[in-house]
There are 2 protein chains.
Amino acid sequence: MTTLLDVAKKANVSKMTVSRVINHPDKVTDELKQLVYEAMRELDYHPNVIAKALANNSTRIIKLCILEDIDTTEPYYMNLMIGIAKTLDLHQYSLQLVTRRNFDIGNCDGYIITGMRISDVDWIKDLKKPVVLFGENRYGFDFIDTNNKAGTYLLSQLALKKGYEKLIYVGIDSKESFEYSREAGYLQQVQEKRMVPELHRFGNHSHLSEDFIRQNWNKIPKNTAFICASDRLALGVERAIVRCGGKVPDEFGVTGFDGVFLNQVASPKITTIKQSIIQMGSACGETLLDKIQSGESQGSLVFEPKLSLGGTLRD
Amino acid sequence: MTTLLDVAKKANVSKMTVSRVINHPDKVTDELKQLVYEAMRELDYHPNVIAKALANNSTRIIKLCILEDIDTTEPYYMNLMIGIAKTLDLHQYSLQLVTRRNFDIGNCDGYIITGMRISDVDWIKDLKKPVVLFGENRYGFDFIDTNNKAGTYLLSQLALKKGYEKLIYVGIDSKESFEYSREAGYLQQVQEKRMVPELHRFGNHSHLSEDFIRQNWNKIPKNTAFICASDRLALGVERAIVRCGGKVPDEFGVTGFDGVFLNQVASPKITTIKQSIIQMGSACGETLLDKIQSGESQGSLVFEPKLSLGGTLRD
DNA sequence: GATTAAATTGTTACCGATAACATCAAACAA
DNA sequence: TTGTTTGATGTTATCGGTAACAATTTAATC
């Protein structure tokens, strides 16, 4: 392995000059820079990441904090991890998975946090290393997320275009930011069309939305579309409609949100918003690394939603 | 962060003694060892992995070499990577994914190789860092794999127990070791029962086995079970039987091997061997790290096959 | 009891980089 | 011309460990 010193000798300069060419090229004459670049190329020099890390006393470790319970049947977190790991590995960082319990064991260079609740805001603000959240928030933390509002807005719009005359929103009973945004998307579309909004909220389980629909079946007019905050809720709604003798998509429309796993096995597939968790995970990693390197906030990254057309809205 | 020096001071010894307590405890008196342990505990000392890596000039990088084409629809490699990464991250190693092309870019501490062919043996032997293969081989490399022979042996045995009177092996047309082993498992069972073996080999595509069965349908007696070398081939066989008017599992039995993804969507599910790729990936990582640390070969690890009962053998 | 071998502990240099400071030459002002 | 500022480069110490060697103590041998 060739080192800084080898390059320095070959270029007839000091180690420090070579180091500067790499890290602060503006502080070196063009003439020397050329010499150094040439030496590096000839010797096929690659900086030793480990030595660099020691000198900067950094750890090359990123902590991924998953603050909610992990549903192992959902490939959601797997995909997230794969996306993050892909980026981190590329830059020779390693990923450490932590939960609420083992959170502060060991040092690191930065955090990726997902599943934050309001009560977490304080300690996250106190963290001394750069942080990127996975999932939108309204506390000023940089984050990566799908444009939730645009998602439900688009789905609502599509449902209206397909001729459904009433839109009912079936949401998640939670105070998290993404839910507010999804509701906002629905509301905006409904208001633009001068319609009357109707919202219901449940825990994120298909049987809850299913029960609700069955119990209120007689109050639901035909030609209604249900804009659901998750595929899970959508699945419950669809099931209830079918069991009550309704026809999807002819008499009733249903849309979901997520498209991670359920969408692959459901039949008919739900018309939903597809999120590339892997890609978003990669973005998390990149944003965080940029933040670490520059020391500055990198802002948030919002992925525009992609419609995934299933069979639960008219064609 | 507390360092070796802090501990050394607290325990009134030299840095070196502390280092020895950690790495070569047998070379230090019990008395001093106690002092050092206490100091470490009181100061909550955790060794700095980066500094250690620099001193040992190691890279903390493991290369995962996938030598065959990656079928991205199969979660096989994803699972493998997840398993490996899980272990490596635990020990603060990072994983670098390489293929035939970018193989020798950059240094590393060890290799995990999968998809090796005979022509690869030479260069793998020449590698200067520890190697673990994923997938059995007969060239003396340490490996992790399912007990392939036991797998087909068990499936063949089960098929006979269920009353099928003839066993036909549908294999993969490849010279890789795992295929020989799967054939051997079938052959052993057949020979033990004094039956006449019948083997056919194809590329690993469902339509190849399907075509074969359909073309030879009139030569296949009822009450035959097909022992297939992969779920893919099994799927083709099952499809052919159904299209030719045969009944699975009443008239014909089918077994597969792998149970990774296809098994989740197929209907009926194939009776097959289930492999936990994630777990095996973890084992790969652990074996390799042990090998790196000890400098000695760790031998191979063979996972005993687990039957996954589907609907393609009689109950 | 003197000599030598073995076991234990401490010193020094080094892994490969970087920051902080020191040096030096050229450019500029008085 | 001389002193001062500026910019470019080199020196040294440091990050937190470890190996190789030196020094010291203890045990073993004759």
Side-chain angles (χ1 to χ4, degrees), chain A residues 1-37 39-40 43-61 91-93 106-109 129 292-295, chain B residues 1-37 39-40 43-61 91-93 106-109 129 292-295:
Chain A
M1 277 288 99
T2 72
T3 72
L4 259 196
L5 193 62
D6 300 327
V7 178
K9 279 180 191 157
K10 182 123 198 160
N12 271 319
V13 295
S14 73
K15 282 187 358 174
M16 208 48 224
T17 302
V18 180
S19 172
R20 271 197 278 262
V21 169
I22 296 168
N23 299 300
H24 314 282
D26 49 315
K27 300 197 168 180
V28 181
T29 347
D30 286 348
E31 191 188 4
L32 282 194
K33 243 185 297 192
Q34 280 322 107
L35 279 176
V36 170
Y37 282 137
M40 294 202 304
L43 297 174
D44 189 31
Y45 171 73
H46 293 277
N48 182 322
V49 197
I50 298 282
K52 187 176 283 204
L54 180 60
N56 296 326
N57 71 343
S58 66
T59 62
R60 297 249 138 198
I61 292 173
H91 295 83
Q92 305 186 12
Y93 273 77
N107 221 327
C108 71
D109 290 353
K129 298 286 166 66
I292 290 171
Q293 208 177 7
S294 70
Chain B
M1 278 288 96
T2 74
T3 72
L4 260 196
L5 193 62
D6 300 326
V7 177
K9 279 180 190 160
K10 182 124 198 160
N12 271 320
V13 296
S14 72
K15 283 189 352 175
M16 208 49 224
T17 303
V18 180
S19 172
R20 279 201 198 91
V21 169
I22 295 168
N23 299 301
H24 314 280
D26 50 314
K27 300 199 166 179
V28 181
T29 344
D30 286 349
E31 191 186 5
L32 281 193
K33 243 185 298 191
Q34 280 322 108
L35 280 176
V36 171
Y37 281 138
M40 294 202 306
L43 297 174
D44 189 32
Y45 171 73
H46 293 277
N48 181 322
V49 197
I50 296 283
K52 188 176 281 203
L54 180 59
N56 295 327
N57 72 347
S58 66
T59 62
R60 297 246 138 202
I61 293 173
H91 296 84
Q92 305 185 14
Y93 273 78
N107 221 326
C108 71
D109 290 353
K129 297 288 166 64
I292 290 171
Q293 209 178 6
S294 69

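Letters go in sequence order (proteins before strands), and every chain restarts at 1. Remember, it's a predicted structure, so these values are computed and weren't measured experimentally.
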### Message
If the helix axis at each end comes from five base pairs, how far does the helix from C:dG1-D:dC30 to C:dA30-D:dT1 deviate from straight, to 10°?
### Response
50°
### Query
Of all residues at least two apart in sequence or in a different chain, which pass the side chain to side chain contact (heavy atoms under 4.5 Å, CB included) check with B:V28?
B:T17, B:R20, B:V21, B:L32, B:K33
### Query
Listed by chain and number, what are the side chain to side chain donor-acceptor pair (under 3.5 Å) partners of A:H46, not counting sequence neighbours?
A:D44
### Message
Going by salt bridge (Lys or Arg N to Asp or Glu O under 4.0 Å), name the residues that satisfy it together with B:K52, two or more places apart in sequence or in a different chain.
### Response
none
Write out a two-atom table: protein N or O, nucleotide N or O from nucleotides 16-22 of chain C, distance below 3.5 Å.
residue	atom	partner	partner atom	Å
C:dG16	N2	A:A51	O	3.4
C:dA17	OP1	A:Y45	OH	2.8
C:dA17	OP1	A:N48	N	2.8
C:dA17	OP2	A:L4	N	2.4
C:dA17	N7	A:K15	NZ	3.1
C:dT18	OP1	A:N23	OD1	3.4
C:dT18	OP1	A:N23	ND2	2.4
C:dT18	OP2	A:S19	OG	2.2
C:dT18	OP2	A:N23	ND2	3.4

### Residues in side chain to side chain donor-acceptor pair (under 3.5 Å) contact with A:N57, at least two apart in sequence or another chain
none
Are any protein N/O atoms closer than 3.5 Å to N/O atoms in nucleotides 5-8 of chain C? If there are, list each pair with its distance.
residue	atom	partner	partner atom	Å
C:dT8	O3'	B:T29	OG1	2.9

### By side chain to side chain donor-acceptor pair (under 3.5 Å) - contacts of A:T59 (at least two apart)
A:D109
### Query
According to a strict under-4.0 Å criterion, is B:T17 in side-chain N/O contact with OP1 or OP2 of C:dG10?
yes
#### Entry: Residues which pass side chain to side chain contact (heavy atoms under 4.5 Å, CB included) with B:K10, listed by chain and number, not counting sequence neighbours
B:A39, B:E42, B:L43
### Query
Which residues pass the side chain to side chain donor-acceptor pair (under 3.5 Å) test with A:N48, sequence neighbours left out?
none
### Message
Using whole Å, what does the distance between atom C1' of nucleotide D:dG16 and atom CZ of B:R60 come to?
### Response
14 Å
## Note on the structure
Sorted by chain and number, sequence neighbours left out, salt bridge (Lys or Arg N to Asp or Glu O under 4.0 Å) with B:D26 holds for none
#### Entry: Set of side chain to side chain contact (heavy atoms under 4.5 Å, CB included) partners for A:K129, sequence neighbours left out
A:N107, A:Y111
### Query
Which atoms form the tightest heavy-atom contact between B:Y45 and B:I22, and what is the distance?
CE2-CD1, 3.7 Å
### Query
Within this structure, what is the NZ-to-C1' distance between A:K33 and D:dG7, rounded to whole angstrom?
13 Å
